[in-house]
There are 4 protein chains.
Amino acid sequence: MARVTPADLPVRDRLLHAASTLFAERGFAETSIREIVEAAGVTKGGLYHYFDSKDALLSAIHDRMLTMQIARMNTIADATDLSLTERLHAIFADVVETSIANLDDAMVFFQSMHLLAPEHQARVRAERRRYHERLRDLVAEGQQTGEFRDDIPAALVIHYHFGALHRLGTWYRPDGRLTAEQVGEHFAELLVRSLAPSNT
Amino acid sequence: MARVTPADLPVRDRLLHAASTLFAERGFAETSIREIVEAAGVTKGGLYHYFDSKDALLSAIHDRMLTMQIARMNTIADATDLSLTERLHAIFADVVETSIANLDDAMVFFQSMHLLAPEHQARVRAERRRYHERLRDLVAEGQQTGEFRDDIPAALVIHYHFGALHRLGTWYRPDGRLTAEQVGEHFAELLVRSLAPSNT
Amino acid sequence: MARVTPADLPVRDRLLHAASTLFAERGFAETSIREIVEAAGVTKGGLYHYFDSKDALLSAIHDRMLTMQIARMNTIADATDLSLTERLHAIFADVVETSIANLDDAMVFFQSMHLLAPEHQARVRAERRRYHERLRDLVAEGQQTGEFRDDIPAALVIHYHFGALHRLGTWYRPDGRLTAEQVGEHFAELLVRSLAPSNT
Amino acid sequence: MARVTPADLPVRDRLLHAASTLFAERGFAETSIREIVEAAGVTKGGLYHYFDSKDALLSAIHDRMLTMQIARMNTIADATDLSLTERLHAIFADVVETSIANLDDAMVFFQSMHLLAPEHQARVRAERRRYHERLRDLVAEGQQTGEFRDDIPAALVIHYHFGALHRLGTWYRPDGRLTAEQVGEHFAELLVRSLAPSNT
DNA sequence: AATGAATGAGTCTTCATTCAT
DNA sequence: GATGAATGAAGACTCATTCAT
């Protein structure tokens, strides 16, 4: 009877919350529909009333994250009154903070893209690619202006630093020493410093 | 009848190779024993003659990677004639290169530690922790000597940069523009530069 | 498509009936889940909707018998207006009759206690032991009053006569010469006569 | 490496001994060939050199018991210088003692006749039937002479008392209070007393 | 005589999903 | 909107047996 999910939320949200928690904890394939409905305090039939399939649950979690991340990134990237360094710093610190704030969703998002149903996966991958490309372009722009070192391909730089983000869930603990803000600040610092042109 | 695995290897090696490829491609849970034995050109019973369980297959892959990585890292870390920067650079470039050289094994290793059978997992995690701690200590040492910036916790620095390593498999393609050596060099460069003390 | 089981019973009962028949006929280990569901006219998934495992099916059959036998025995044993001889006679005749009336269940019960899951087995054995002890005490009491011969240990006497009961299924045929009542009467007669004190 | 079987016996006997012990302990179906060869300190191929199949092992155990029991019973039954009561007493005491002396074989013999391969089973059943019929005839003869009560069918009497024999293995312990001789004596006593004509 | 690698049919069980109510 | 009984395909694993050496 243990309810890991707030009982006052609408049924659909309870299901999403339970699914996100369980997928993050043990993985998508290792979580059964039975476990999700039990955690959400709903029956099997109930789940299928709101979601077409187990895949649909996963898709919903992805959509939620993707929409939010794209919007926030674009907002900051559009702030042309800031330097490229400042914008990269702000974007990365922000995505780290919001990922920690929604750690279950974020980990599901980062680690199970390949499990999405093919057609949904294509869409998510496309939007994700655009996200990365926009960041890559910021880096490339800085490399042309001399603000950033230019001896490392911009795309690789983005891959590199987003790797760190994707693994947050394996070591970050909300009750640990560091706040989300601090981690965001540290990560962003490492990112921009790694792009500093050599002194010579 | 499609054989994705060299037919001249001993059966046990064919199985390990097939398992590694498939686990890396679609994940452990998403790969069935049937798929593995078909890829290896062996029967189901044959697999269970060499491995006690699907978990044992995963464990064998982990052991192979773990042993190699620890040995290589220690060798370089012990080279006290090199500066800390040089050693960190060499270690990271090396682990990147060897991970790319054994990309399937490496991705399985990095992404499915949590799926290992409990007792095996404990052992792997312990050795992995020692590995990280040794690297963290190198960073901390450099922070004390002033060789590295000291405003970011050493442990977080290690988590950060190994995140990039863990995600290699999601974007690196052997037939792409960059060789393993180049990626190793770039990654190591980003790592050591990110630790450069501020100029002020 | 051969249905050996009444089609009008609830699914759970059909499964129990089919399992009992097959376990009695060929043994627990020699009966497959597939055979049970085919005999019950149900699908495999259906069985697992009602029973957690093949063991659970066996346990359910045991519980049914155990509960009935204990209740009936206690009722008769409590009838202190009857002599010990009369009570032993009545108890044994009754258990023989009810075992024949539920011959499949009874044979499964008597012959496969050792196959029960450990924790269930412990409970069943404990209750069975109390059952035997109560009967043994009736015999011992009669040995002290002189109603029964006292040159043979009471516990051995019970083991002896219940052996006969346990093997009923190997020779009794409902369509044979003897009714359940007759067998019960004969068995009880042999039991009480074997306890008669010697004439000297 | 635990060898439960005397190492100095010929291989064939080691295998029979190991099989008998394991079949008696956990049942035929629950014992695997692997367990037998490990207990006997032999390889799988070795077993199949001496026995055609798992069934053949079981058959060999049955043959051993059957041959012995028939011979001993006939010897005593032929002793026409003894009364029917004396002969029945002697036969039953003897079969109890020899069953205890070879308890594993005996339990396998009594409890797994139905698992024999069909053609072997037919032969064993036929011989077993003759064995029972000869005993039944002794009882019937005594019923005609008035030495035994005649209100209970002779065949049922035999079924009854051999039931006790078949269950010996479930409660008899070699290290318990009673010797094989004592149990044989007690059992035979219960048998002949149960056949005593009524006093009236 | 003996080995042990290899087979393949068969076992129990899980699970996402459907549908009559 | 919601239930939960029922489905059937698929899963990991076991095991008696064979056969080249």
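So you know, we letter chains A, B, ... as the sequences are listed, proteins then strands, and number each from 1.
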Report the residues that fulfil salt bridge (charged side-chain N to carboxylate O under 4.0 Å, His left out) with Asp63(C), sequence neighbours left out, ordered by chain and then residue number. Arg123(C)
For Arg34(A) and dT13(E), what is the distance between atoms CZ and P respectively, to the nearest whole Å? 15 Å
Which residues pass the salt bridge (charged side-chain N to carboxylate O under 4.0 Å, His left out) test with Arg125(C), not counting sequence neighbours? none
Which is more 5' along DNA chain E, the nucleotide nearest Val42(B) or the one nearest Lys54(C)? Just name the residue. Val42(B)
Note, Arg64(A) side chain near Phe109(A) side chain (heavy atom, < 4.5 Å): no
Does Thr170(B) reach the main-chain N or O of Arg167(B) with its side chain, forming a donor-acceptor pair under 3.5 Å? yes
Contact nearer the 5' end of DNA chain F, comparing Val11(C) with Ile33(D): Val11(C)
dC12(E) P sits how many Å from Phe28(C) CZ, rounded? 8 Å
Has Lys54(D) got a side-chain atom pairing as donor or acceptor with Phe28(D)'s backbone, closer than 3.5 angstrom? yes
Does any N or O in the side chain of Glu127(C) come within less than 3.5 Å of the main-chain N or O of Leu66(C), such that one atom is a donor and the other an acceptor? no
Residue among Ile36(D), Ile61(D), Leu9(D), Asp105(D) satisfying side chain to side chain contact (heavy atoms under 4.5 Å, CB included) with Leu16(D): Ile61(D)
What's the spacing between His120(D) NE2 and Leu115(D) CG if we round to 0.5 Å? 12.5 Å
Expected output is a numbered-order residue list: members of residues 43-52 of chain D with a heavy atom under 4.0 Å from any atom of DNA chain F. What is it? Lys44(D), Tyr48(D)
Among all residues two or more places apart in sequence or in another chain, which pass the salt bridge (charged side-chain N to carboxylate O under 4.0 Å, His left out) test with Glu35(C)? Arg26(C)
Would you kindly say whether Arg128(A) and Gln69(A) are connected by a side-chain donor-acceptor distance under 3.5 Å? yes
Segment of DNA chain F, first to last nucleotide, that comes within the 4.0 Å heavy-atom reach of chain A: dG1(F) to dG4(F)
Would you sketch DNA chain E in dot-bracket for me? Only Watson-Crick or G-U wobble pairs with both distances under 3.5 Å count, crossing pairs as [ ], other-strand pairs as |, the rest as dots. .||||||||||||||||||||
